2 protein chains.
Amino acid sequence: MNDSGGNAERKRLRRPSQERTSQRDPERTRAAILEAATREFAENGMGGARVDAIAERAGTNKRMLYHYFGDKEQLYLKVLEEAYVGIRTAERALHIGDRSPEEGIGELALFTWRYFLQHPEFLSLLGTENLHRARWLRQSVRLKELHSHLIGELSQVLEQGKKQGVFIETADPLHVYLTIASLGYFYLSNQYTLSTIFGRDLIEPAHLNAWERHIVHVTLASIKR
Amino acid sequence: MNDSGGNAERKRLRRPSQERTSQRDPERTRAAILEAATREFAENGMGGARVDAIAERAGTNKRMLYHYFGDKEQLYLKVLEEAYVGIRTAERALHIGDRSPEEGIGELALFTWRYFLQHPEFLSLLGTENLHRARWLRQSVRLKELHSHLIGELSQVLEQGKKQGVFIETADPLHVYLTIASLGYFYLSNQYTLSTIFGRDLIEPAHLNAWERHIVHVTLASIKR
DNA sequence: CAAGCCGGTAACTAAACAGTTACTTGATGG
DNA sequence: CCATCAAGTAACTGTTTAGTTACCGGCTTG
């Protein structure tokens, strides 16, 4: 114990633990693999992603990938779960009930659009997972409750708006969220074919801003009395 | 010359060209490969699709596939082109300008939704192509003009509605089409993850009908004065 | 009827792939 | 300072894959 303390001390003096030069760092390796896998799966889908490519992007090798994550499918599921946790966590910080119902819904629409815009890999992962009919997501045990908070809060805001007479009585929380998500998802995830067939570069800032305003307009127009 | 004519006559008597029993039928083989490829690419994406699987589904073998279509990528592009031709051809038969502007837009929304619902393979192909940033569609020379008709007709209907004072002045044809397509595409293509995370089976007829009405409602609410 | 062409088959090949095994390096505890 | 164990490397393996080659057989044409 004493010896070991002395040893540790001596080593800390030679090589401070904060600025380590060693390549050995389990947490960093694990995180690097997860990030590399997110990009590889997002760019190439489940079928097109290459385990070797993930290892290379992470600056490590396949052995470590299998060591930390089991196999390709488990790694993919982990990536997908983390992506969902990311957006739902950011959503919770919104507190859409703090302002007027109209502003709250507008805020949710803006947030969703901007999150999609800044996280294209999330959209790609959703696309891949749906191509496979949610084969892996269905196996996830972590994600059942993650999403109920969103619908619950949205439901409250809609009720408040109905009481105040600004929203129509038939406004449904799931429909409202699906409307917001639809308008953002389709525009961004299909931007490449759309830009090609309609001859307009949809990713240009001017077009992006116009679509952002459009999403808010459509969402509110569909529920306002 | 005379001999050949006599020979042909004799053979035609034995085996009429209309009801051939032979397995040899270039057109049928070609069409079978194209249909099998459509299903395989739609179900598995470009990376996940297997050339052997396409040949087997078509009731032929790889040799014929390479004979008629060159290679996997050219076959995929052909499948994608045919899918676009399919929806744009069906759209042309609509004549959305024949009724009132409001009915015309509602009709286009209904048509698009129902076409998406009946052609899930079209949605999958779009998803796959966008994952690859329209890599193959961009190479297509056939598809540049195919889509202008849609925007042109939609533009006329919107103008008419503006003159009649039923539509807002800011209504934009591309935005209106993207709105309709967004609401149909997202709901259907993401139905598997959505059903999983929200615990509702979105493909149930009751939910489908509700969403159909919702699409028409949202589209019109967003452009009505 | 004979020659050759075209639709079609099946077995093959080289490369790419997911996953494994045998091994090395370095930190820690006694 | 040595034993141990975890982090990390690289070469290997069996299988799958896109694409090819060698061959078959029947229809058409001269």
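Bear in mind the structure is a predicted one, so any value in this text is a computation, not a measurement. Keep in mind that the numbers below use all heavy atoms, side chains included, and drop hydrogens, waters and symmetry copies. Letters go in sequence order (proteins before strands), and every chain restarts at 1.
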- request: Establish, yes or no, whether a centroid distance under 6.0 Å links the rings of A/Tyr185 and B/Phe186.
  value: yes
query: Between atom CG in B/Asn61 and atom C1' in D/dT17, what is the gap in whole Å?
result: 16 Å
- request: Report, as yes or no, whether the 6.0 Å neighbourhood of atom CZ on B/Arg39 holds more than 12 heavy atoms from other residues, nucleotides or ligands.
  value: yes
query: Could you give the CE-to-C1' distance, from A/Met46 to C/dA18, as a whole number of Å?
result: 10 Å
field: Presence of A/Thr29 side-chain N/O under 4.0 Å of D/dA7 phosphate oxygens OP1/OP2
entry: no
- line: Atom OH of A/Tyr66 and atom P of C/dT21 are separated, to the nearest Å, by 13 Å
message: As a quick check of understanding, evaluate salt bridge (charged side-chain N to carboxylate O under 4.0 Å, His left out) for B/Arg142 and B/Glu82, giving each step before the final call.
response: CA-CA 10 Å; B/Arg142 297 172 56 197; B/Glu82 288 307 314; 3.5 Å; yes
- prompt: Quick one: which of C/dT9, C/dG7, D/dA7 gets closest to the side chain of B/Tyr68?
  reply: C/dG7
field: Touch class at under 4.0 angstrom, heavy-atom based, for B/Ala49 against every strand present
entry: sugar-phosphate
statement: Between B/Arg63 and B/Lys72, whichever has its closest DNA chain D nucleotide further toward 5' is B/Lys72
query: When the distance from NZ of B/Lys62 to C1' of D/dT21 is rounded to whole Å, what number comes out?
result: 12 Å
message: Rounding to an integer number of Å, can you tell me how far B/Phe69 CZ sits from C/dG8 P?
response: 12 Å
- line: Picking from D/dG19, C/dG8, D/dA18, the nucleotide nearest the side-chain atoms of B/Asp71 would be D/dG19
query: Rounded to whole angstrom units, what separation is found between the CD1 atom of A/Ile54 and the P atom of C/dA18?
result: 8 Å
field: Nucleotide D/dG19, atom P - distance to CG of B/Leu75 in whole Å
entry: 10 Å
task: Return the value, rounded to whole Å, for the distance between atom CG of B/Asp52 and atom C1' of D/dG19.
output: 10 Å
B/Leu143 CG to A/Ile197 CD1 distance, which is reported to the nearest 0.5 Å: 8.5 Å
- prompt: Would you say a side-chain N or O of A/Arg50 is under 4.0 Å from OP1 or OP2 of C/dA18?
  reply: yes
query: How about A/His207 and A/Trp211: are their ring centroids closer than 6.0 Å?
result: no
field: Minimum-distance nucleotide (side-chain atoms of A/His67 versus C/dG7, D/dA18, D/dA7)
entry: D/dA7
